Amino acid sequence: MRATYRHLFAGCALALATFNAGTVVGAQQAPPKQAVAIELPNELARVLRDYEKAWRASDADALARLFADEATVLTNTGNVVVGRSAVRDIYAGSGGALFLRAYTYAASGEAAHIIGGYALSANGPDVGTYVLALVRRGNGPWLIAADLDRAKR
């Protein structure tokens with residue numbers, strides 16, 4: 001199963017890098033536009049709503065339960081942690097306002113991903129982007145296998 005997580009993580013990293021392509025020095029570009037949020041199927045939307053709820057409550061235990069046992073998290077500060085207990089530890093004491101929006105998603109069999117943005121208020125501008133790789137066993141709940149965050153600078 002660990003190899004599956006590595007493939008999901010690598011795919012998410014590529015998606016995040018592509019989605020957040022940097023600015024070329026000296027290039028003239030139009031100001032970035034806010035991406036349009038989409039509605040997710042209920043079982044995927046539940047992951048985002050439960051994540052928001054746990055984050056707002058500063059509940060690292062509830063947050064960690066959303067992750068698969070061998071999940072990998074790449075935080076917007078550059079920290080990388082592997083495993084549910086490490087996720088709990090890195091998020092302990094963290095929390096606050098969080099509003100997650102999905103820009104795109106795909107799901108097939110036991111794997112899915114969501115790419116989106118996060119804001120500090122319901123109607124506020126995105127202050128960062130994320131890629132979630134999700135896994136599930138059979139008809140079980142979707143769990144986060146990889147979470148890659150990137151703050152907008």
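Keep in mind that this is a model prediction, so the values were computed, not measured. All residue numbers refer to positions in the sequence shown, counting from 1.
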message: Could you tell me if the side chain of Thr129 sits less than 4.5 Å from the side chain of Lys152, heavy atoms only?
response: yes
Closest approach of Glu110 to Gly138 (non-hydrogen atoms, all atoms of both residues): OE2-N, 3.4 Å
Nearest heavy atoms of Ala119 and Pro125, plus distance in Å: CB-O, 3.4 Å
message: Any salt bridge linking Arg84 with Glu70? Criterion: basic side-chain nitrogen under 4.0 Å from a carboxylate oxygen.
response: no
- prompt: Under 3.5 Å, side chain of Arg150 to main-chain N/O of Val131, donor-acceptor pair present?
  reply: no
field: Residue pairs passing the ring-ring contact (aromatic ring centres under 6.0 Å, His included) test where at least one lies in residues 132-153, sequence neighbours excluded
entry: none
- request: Go through the steps to decide whether Leu148 and Tyr130 satisfy the test side chain to side chain contact (heavy atoms under 4.5 Å, CB included), and finish with yes or no.
  value: CA-CA 5 Å; Leu148 293 83; Tyr130 69 86; over 6 Å; no
Residue pairs involving residues 41-93 (criterion ring-ring contact (aromatic ring centres under 6.0 Å, His included); sequence neighbours excluded): Trp55-Tyr91
- prompt: Checking side chain to side chain contact (heavy atoms under 4.5 Å, CB included) for the pair Leu44/Ile114: CA distance, chi angles, key distance, verdict?
  reply: CA-CA 8 Å; Leu44 295 175; Ile114 303 169; 4.2 Å; yes
message: I'd like to know if Glu43 pairs up with Arg46 as an ion pair, taking the criterion as any Lys NZ or Arg NE/NH1/NH2 lying under 4.0 Å from an Asp or Glu carboxylate oxygen.
response: no
- request: Could you tell me which non-hydrogen atom of Ala45 sits nearest to which non-hydrogen atom of Leu40, and how far apart they are?
  value: N-CB, 3.9 Å
message: Main chain of Asn42, side chain of Arg49: is a donor-acceptor contact present, judged purely on distance under 3.5 Å?
response: no
- request: Kindly check if the number of other-residue, nucleotide or ligand heavy atoms within 6.0 Å of CG (Asp61) is above 12?
  value: yes
- prompt: Are Val82 and Leu143 connected in the hydrophobic side-chain network, where two residues link if heavy atoms are under 4.5 Å apart?
  reply: no
query: Do Leu98 and Tyr118 touch side chain to side chain, with heavy atoms closer than 4.5 Å?
result: yes
query: Shortest non-hydrogen contact from Leu63 to Ala54?
result: N-CB, 3.7 Å
message: Using side chain to side chain contact (heavy atoms under 4.5 Å, CB included), reason through Thr72 and Val81 one step at a time and then give a plain yes or no.
response: CA-CA 6 Å; Thr72 301; Val81 298; over 6 Å; no
query: Taking all non-hydrogen atoms of both residues, which atom of Ser58 and which atom of Gly95 are closest, and how far apart?
result: OG-CA, 3.6 Å
Beyond-backbone contact of Ile144 with Val47, side-chain heavy atoms, under 4.5 angstrom: yes
field: Cluster check Ile38, Phe99: I/L/V/M/F/W/Y, side chain < 4.5 angstrom
entry: no
Asp147 and Leu74, any side-chain heavy atoms less than 4.5 Å apart: no
query: Which pair of heavy atoms, one from Leu48 and one from Leu100, lies closest together, and at what distance?
result: O-CD1, 3.6 Å
